[in-house]
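What follows is one structure encoded as structure tokens, with my remarks underneath.
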Amino acid sequence: MKQHTNGKLRAQPLPIAKSSRPEPMHNPLPVREWMHRLTLCLCLLAPGLSIADDSAPALTLHYFGTAGLSYVTSGQADFVRNLSQPNGPKGGQWSGQLDSLVGAQANFQVNEQLEIVAQAVSQHRYDDTYIPELTWAFARYLPRPDIELRGGRLGMDFYMRADSRLVGYSYLTVRPSVDYYGGLPFQYLDGLDGAVTLVVGEGLLRAKVFGGYSPEKIPFAEAQWDLSDSPMLGGNLGYQLGSWQFRLSYAQIRYTHNLPLDYAALMTTLRGIPLPGTQLAADALTIQGTTSRHYSAGVIYDEGPLQVQLMVSGAKHESAFFQDGVAGYLLTGYRVGDITPYAGLSWSRNNPATVHSTGIPALDAAVTGAIDETHSDQHTYTLGLRWDLYSGMDVKVQWDAVRGSPGSKFLYRWEQPGWTGQTHVLSAVVDFAF
Amino acid sequence: MSKILFSLLFLLMIAWTGSAQADLVLIANPAIAENTISREEAINIYMGRLRRFPSGASAQPLDLPANGTEKALFYRLLVNKELSDIDAYWARLVFSGRASPPHTVGSLQEMLERVAGETNVIGYVDRAFVDKRVRVIMELPSTGAR
């Protein structure tokens with residue numbers, strides 16, 4: 001997920017050797033193929049239908065977007081909104097790329113039970129372009145008011161509020177907490193989900209499960225990491241009582257492909273040296289066929305002008321290449337007329353796994369260097385103002401002070417020597433949603 | 001404590017604007033099984049969390065246009081939120097494919113006609129406009145603001 005910018009790994013001469021890691025056990029083509037076809041059908045169907053009156057099927061169009069400008073005061077690393085961005089502004093640079101995006105959505109309400117939704121978004125994406133991506137395309141079926149089934153391309157619901165990360169107008173801050181959501185590059189999956197809502201006590205309990213395959217790519221230095229065909233699975237349990245919302249979530253992804261470039265070069269080197277230590281290290285670093293698990297809990301209190309959010313998460317990775325970690329944020333805002341000042345604190349801390357020594361000091365250093373790329377040890381203070389200008393439009397200004405150790409690299413791109421882990425980000429955005 | 005404080009603030013606001021706000025009521029078709037619904041049930045229907053009557057029958061909410069005074073008052077009384085909060089709330093739900101906001105009718109007359117003619121919708125009007133064709137299922141008195 002991270003590039004190796006220090007040149008340590010790239011300099012290795014590469015003995016040619018095939019990985020001995022077996023291919024994934026099964027290849028679930030039919031389901032995947034079916035998903036792709038469904039997605040395609042939905043896209044073709046949605047825009048082709050005309051707007052009708054109230055009781056008959058109805059097509060509605062919606063737009064959202066953000067125009068933003070940010071300035072990063074210092075630090076020799078690219079600041080990114082999340083790891084789906086290949087680069088960003090570093091110390092002393094202005095950028096409109098961090099937060100600017102535009103999305104369009106069509107909702108086709110066939111009847112009270114059935115709705116078809118398609119959404120496309122243009123944003124600074126993995127290949128350094130703004131080519132629009134189909135982020136949603138699904139059919140939503142409610143056999144009863146308390147049961148919801150969806151199939152097609154669905155937004156990633158790993159953490160609470162993760163499926164509305166792109167819609168700036170829907171939240172308080174300029175961007176979702178980078179410490180909390182930044183390490184989560186997954187945005188959507190092709191699959192199914194189902195949710196049931198029960199009245200429990202005075203409140204509502206909502207249980208949801210989802211599963212499918214990732215169709216995405218993640219930037220990795222000059223290349224991309226292919227997540228396609230990686231199965232994802234998860235669920236969450238939410239309880240809403242008056243002004244309180246609670247949610248527990250679990251999600252996992254099993255990677256079908258290894259990383260390219262430096263990672264691949266290191267693995268080839270390790271596999272090519274027939275020592276027990278090098279093979280053990282290669283086994284530990286292997287990504288293909290391993291699973292990452294994400295656990296999270298969130299509480300939101302939203303009453304009148306006051307809102308408070310507290311989220312915590314933990315990630316466990318089978319591959320030692322990705323450091324296990326915890327992250328969280330606390331955010332509060334209080335509306336005064338059209339202005340809502342807010343303040344937040346967020347944190348991200350990853351810890352390296354112990355990998356067996358290869359027996360060759362230079363290789364041990366390369367292995368450590370690779371693992372260090374996913375290290376995180378930082379917290380961020382955030383202060384900002386949201387001004388609700390018109391219905392469907394807001395203006396926000398925000399200051400973030402990132403306080404990290406020099407080894408805190410996971411949430412950045414293109415770290416260079418001299419990176420201290422400390423920077424400030426000043427941002428101003430206009431959000432709209434219609 | 002905070003509710004009392006908000007109530008006081010709200011009363012002060014009404015006093016300050018100098019206009020006694022009319023009472024709003026939630027209305028449904030007289031053919032539905034319920035005589036009343038609770039505040040929580042009304043919130044669940046209007047906020048898209050669970051759109052059904054206690055009997056289990058589907059309940060689709062209707063909104064008045066935002067240019068009148070009733071809509072803003074309704075959301076203040078029901079969930080203690082301003083219309084821009086409600087807009088942001090719906091942006092989140094619409095763009096994450098969860099639910100759609102209530103359908104907006106053109107006028108108060110249309111609201112009454114829809115509710116009088118359909119058993120699966122609910123609406124809100126100023127109490128003064130209620131007639132025999134609809135049933136009041138919840139009261140939202142301005143003076144009893146939460």
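Just so we're clear, the structure is a prediction, and the values are computed from it rather than from any experiment. Numbered from 1 within each chain, the chains take letters A, B, ... in sequence-line order.
In this structure, E139(B) pairs ionically with R127(B), as a charged nitrogen and a carboxylate oxygen lie closer than 4.0 Å.
In this structure, a donor-acceptor pair under 3.5 Å is absent between the side chains of E118(B) and N29(B). R161(A) and S170(A) are not linked by any side-chain donor-acceptor pair at a separation below 3.5 angstrom, with hydrogens and angles left out of the test. In this model, a donor atom of one side chain and an acceptor atom of the other lie less than 3.5 Å apart for S391(A) and D87(B). No side-chain N or O of T173(A) forms a donor-acceptor pair with one of R175(A) less than 3.5 Å apart.
Using cut-offs of 30° and 60° on the angle between ring planes, the pair W244(A) and Y301(A) is tilted. Below 30°, between 30° and 60°, or above 60°: for Y124(B) and Y75(B) the angle between ring planes is above 60°, a perpendicular geometry.
Interface summary for chain B: among R206(A), E202(A), E148(A), the most heavy-atom pairs under 4.5 angstrom belong to R206(A). Counting heavy-atom pairs closer than 4.5 Å to chain B, the top-ranked of the candidates D394(A), D302(A), D338(A) is D302(A). Top candidate by heavy-atom pairs under 4.5 Å with chain A, chosen from Q60(B), R98(B), R52(B), is R98(B). Across S96(B), A91(B), A59(B), the residue that shares the most heavy-atom pairs under 4.5 angstrom with chain A is S96(B).
Scanning all heavy atoms of the two residues, the minimum distance from F95(B) to A433(A) falls at CE1-CB, 4.0 Å. In plain terms, the two heavy atoms of R386(A) and Y169(A) that are nearest each other are NH1-O, 3.0 Å.
Contact annotation for E115(A): only side-chain heavy atoms (C-beta onward) come within less than 4.5 Å of a heavy atom of chain B. At a 4.5 Å heavy-atom cutoff, the contact between D146(A) and chain B is made by backbone and side-chain atoms alike. There is no contact between Y188(A) and chain B, counting heavy-atom distances below 4.5 Å. Heavy-atom distances place the side chain of N120(B), and not its backbone, under 4.5 Å from chain A. For a residue to count as touching a neighbouring chain, one of its non-hydrogen atoms must lie under 4.5 Å from one of that chain's; by this rule S100(B) touches chain A with the side chain only. Contacts between R51(B) and chain A at a heavy-atom distance below 4.5 Å involve the backbone alone (N, CA, C, O). For a residue to count as touching a neighbouring chain, one of its non-hydrogen atoms must lie under 4.5 Å from one of that chain's; by this rule D163(A) touches chain B with backbone and side chain alike. For Y171(A), no part lies near chain B; criterion is any non-hydrogen pair under 4.5 Å. Looking at E41(B), neither its backbone nor its side chain comes within 4.5 Å of chain A, counting heavy atoms on both sides.
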